[in-house]
Amino acid sequence: MTGIGLILVLVSFLAIGSLQSEPRQCDTPNWGFQCGTAISRSWGQYSPYFSVPSEIDASIPEDCEVTFAQVLSRHGARAPTLKRAVYYINLLDKIHDGAASYGPGFEFLSTYNYTLGVEQLTRMGQQQMVNSGLKFYHRYRSLARESVPFIRAGGQARVVHSAENFTQGFHSALLADRKSTVRPNLPYDMVIIPETATSNNTLHHSLCTAFEEGPYATIGDSAQAIYLSTFASPITTRLNANLPGANLSDADTIALMDLCPFETVAASDPDPAALFSPFCHLFSAVEWRSYDYLQSLGKWYGFGPGNPLGPTQGVGFVNELLARLSGGEGGGVRDGTSTNRTLDGDPRTFPLDRPLYADFSHDNDMMGILGALGVYGDGGAGLDNTTRREPDEVGGYAASWAVPFAARVYVEKMRCGSRGKSEEEKEGEEEMVRVLVNDRVMPLSGCGADERGMCTLKRFIKSMAFARGNGRWDKCFD
Ligand SMILES: *[C@@H]1O[C@H](CO)[C@@H](O)[C@H](O)[C@H]1NC(C)=O
Ligand SMILES: *[C@@H]1O[C@H](CO)[C@@H](O)[C@H](O)[C@H]1NC(C)=O
Ligand SMILES: *[C@@H]1O[C@H](CO)[C@@H](O)[C@H](O)[C@H]1NC(C)=O
Ligand SMILES: *[C@@H]1O[C@H](CO)[C@@H](O)[C@H](O)[C@H]1NC(C)=O
Ligand SMILES: *[C@@H]1O[C@H](CO)[C@@H](O)[C@H](O)[C@H]1NC(C)=O
Ligand SMILES: *[C@@H]1O[C@H](CO)[C@@H](O)[C@H](O)[C@H]1NC(C)=O
């Protein structure tokens with residue numbers, strides 16, 4: 001055997017071994033699956049949160065002092081939506097009715113029934129949010145020990161529950177910190193904004209008619225259909241060969257792939273050998289990369305920068321963020337899109353003097369907000385519908401890198417180079433702004449970011465011209 005051949009055998013042995021050996025504690029459901037494994041990082045928006053590689057050191061620079069932090073979080077891992085659950089149940093019936101036999105590895109399907117429930121946070125999803133609250137406390141400890149975050153959540157149950165579990169994690173870190181000076185009680189106060197079709201809610205899109213119902217509403221699906229036709233057919237052929245008579249379509253193949261993440265995130269305290277659902281083992285690592293890219297296209301063109309009205313949906317939140325970053329000095333929120341002026345005009349529901357803010361939302365809404373923030377620059381221009389691009393090739397974007405379950409965007413403001421300076425000198429220093437997406441520093445484009453990816457507050461605000469001009473909100477009602 002040649003040297004290279006030997007290495008390949010060893011690599012494939014290790015790859016299989018890593019899937020079956022004892023998982024690290026951080027990769028069990030009861031720990032929120034927070035480290036992630038190769039395949040769980042390829043499940044698009046159904047990937048459990050993991051710390052995304054960062055080209056710029058993501059820690060708080062030694063010479064900087066954080067003065068403000070905002071987290072924008074997706075809810076934790078959940079069961080399938082009702083619509084998808086109905087699809088899966090019908091698909092399983094079709095397999096049970098049609099399949100004349102079950103090939104090697106497919107035997108479990110003959111007795112498999114759907115028991116995942118619908119829509120609700122799973123136990124792992126709750127744990128992810130507890131972990132997220134702990135992590136937020138520890139990262140911003142100097143502020144957190146003196147002030148609890150001001151919290152808002154979209155009204156859907158799993159979003160509110162995610163916010164609650166986050167505060168529980170934050171709270172336990174606070175109680176364990178002997179230097180904390182505040183003693184709040186659980187549950188923490190939060191503003192819950194309804195997610196109805198007529199509600200002005202910057203954490204949930206609904207008002208922009210052309211985006212909800214017009215031709216813009218199908219761009220994501222079209223992009224996915226193009227890519228699906230490039231990779232799915234050999235997989236579907238293999239599945240049909242193993243399930244003769246089931247007559248599966250490419251869409252059915254994707255549905256069977258979905259069941260891998262959904263079953264895995266629904267597990268708790270599993271037998272390590274059963275950590276991954278048997279659905280996961282029906283597909284190869286490269287097939288999972290294609291699955292991830294399919295989801296990346298759906299989010300990008302459906303809700304993100306690839307949709308002409310996607311980033312506009314995130315404008316309201318960005319304008320709120322600018323008001324928060326400016327504190328009292330900015331004169332409050334200036335927005336002509338989806339903000340609720342009643343809520344944002346009242347310091348009880350929209351204070352401007354807090355150092356910490358935490359907002360809870362959904363993947364689709366976060367895609368619009370990331371688009372309005374422009375964190376992907378024009379990296380996504382390379383998001384080809386026919387050729388898979390790895391996240392490194394497209395500015396660090398993938399659905400799994402941007403909006404996994406329990407995703408979190410941090411916007412932090414800090415004062416740098418202030419060591420040894422007097423309070424007066426510090427006051428005069430311009431504060432710096434930085435954005436991290438799942439622990440990856442997104443170097444700010446358009447405001448002359450330094451080598452640490454940061455811009456001055458003034459330049460950052462100036463660079464948010466798209467949001468300050470209400471994006472393309474006028475196109476919503478053409
Ligand atoms: C699945 O459901 C069917 C119909 O309710 C039942 O007959 C079967 O035993 C169930 N299978 C398993 C594995 O629970
Ligand atoms: C999440 O919050 C709910 C409601 O307070 C609680 O019942 C549950 O135990 C929490 N989950 C975890 C993992 O702490
Ligand atoms: C704005 O918020 C107020 C206060 O919660 C609420 O009564 C009102 O219905 C909201 N309006 C819209 C359009 O969402
Ligand atoms: C991908 O497909 C969508 C939907 O058809 C389209 O709007 C977009 O321009 C395509 N992207 C590229 C890079 O061709
Ligand atoms: C297989 O499914 C397709 C739709 O996906 C349908 O048009 C076709 O009639 C089915 N074939 C059989 C033999 O059931
Ligand atoms: C809700 O948003 C619409 C569209 O921008 C706006 O006309 C309306 O005044 C807003 N309502 C509130 C209560 O802010």
Side-chain angles (χ1 to χ4, degrees), residues 28-34 48 75-78 87 90-91 93-95 97-100 120-134 151 153 157-173 185-188 190 211 214-230 232-233 236-237 239-240 243-255 265-269 293-294 296-310 360 376 378-389 393-395 397 405-406:
T28 61
N30 286 359
W31 282 74
F33 223 88
Q34 55 194 309
H75 57 75
R78 61 160 168 80
Y87 189 104
N90 288 334
L91 170 60
D93 283 347
K94 177 167 123 174
I95 293 172
D97 292 346
Q120 85 286 0
L121 218 50
T122 67
R123 160 71 223 200
M124 186 205 285
Q126 297 176 355
Q127 188 61 51
Q128 291 181 299
M129 298 312 298
V130 171
N131 296 346
S132 182
L134 281 162
I151 300 157
R158 63 171 172 269
V159 180
V160 175
H161 293 154
S162 291
E164 286 167 2
N165 285 130
F166 177 96
T167 63
Q168 292 159 10
F170 182 95
H171 192 70
S172 66
N185 292 315
L186 284 173
Y188 289 5
M190 59 177 84
F211 179 74
Y216 297 122
T218 56
I219 301 173
D221 294 343
S222 309
Q224 285 191 307
I226 299 168
Y227 184 59
L228 187 66
S229 70
T230 70
S233 133
T236 305
T237 302
L239 297 182
N240 278 320
L243 300 166
N247 190 26
L248 303 176
S249 64
D250 289 349
D252 295 338
T253 293
I254 300 307
V265 303
S268 52
D269 247 354
Y293 194 64
L294 179 75
S296 297
L297 289 172
K299 294 298 163 193
W300 185 264
Y301 288 109
F303 303 93
N307 188 302
L309 286 181
F360 297 85
Y376 295 110
D378 58 8
L383 226 67
D384 199 293
N385 291 322
T386 51
T387 309
R388 171 161 50 86
R389 302 284 180 209
E393 299 174 73
V394 289
Y397 172 71
F405 286 135

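Order of appearance sets the numbers: ligands from 1, and atoms from 1 within every ligand.
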Any protein N or O within less than 3.5 Å of an N or O in ligand 4? List each pair with its distance, or say none.
residue, atom, partner, partner atom, Å
ligand 4, 2 (O), N385, ND2, 2.3
ligand 4, 11 (N), Y301, OH, 3.0
ligand 4, 11 (N), N385, ND2, 2.9

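- Polar contact with ligand 5: present for N247 (N/O pair, distance under 3.5 Å).
- Only the side chain of Q168 comes within 4.0 Å of ligand 2, counting heavy atoms alone; its backbone N, CA, C and O stay farther away.
- Side chain to side chain, N30 and T28 fail the donor-acceptor criterion of an N or O pair below 3.5 Å.
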All N/O donor-acceptor pairs, side-chain side in residues 217-226, below 3.5 Å, sequence neighbours left out:
residue, atom, partner, partner atom, Å
T218, OG1, P215, O, 3.0
S222, OG, T218, O, 2.9
Q224, NE2, L294, O, 2.8

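- Between the side chains of S249 and D252, a donor-acceptor pair is found at a separation under 3.5 Å.
- Of the possible polar contacts, one joining the S172 side chain to the G169 backbone as a donor-acceptor pair under 3.5 Å is found.
- The closest side-chain donor-acceptor pair between T236 and T253 falls under 3.5 angstrom.
- The shortest N or O to N or O distance between N165 and ligand 2 is below 3.5 Å.
- Each of the atoms 13 (C) of ligand 2 lies under 4.0 Å from some heavy atom of Q127.
- Polar contact check, Q126 against ligand 2: a nitrogen or oxygen pair lies under 3.5 Å apart.
- No side-chain donor from either of Q128 and N131 sits under 3.5 Å from a side-chain acceptor of the other.
- The ring of Y376 has its center closer than 6.0 angstrom to the ring center of Y397.
- The main-chain N or O of T167 is never found under 3.5 Å from a side-chain atom of H171 such that the two would form a donor-acceptor pair.
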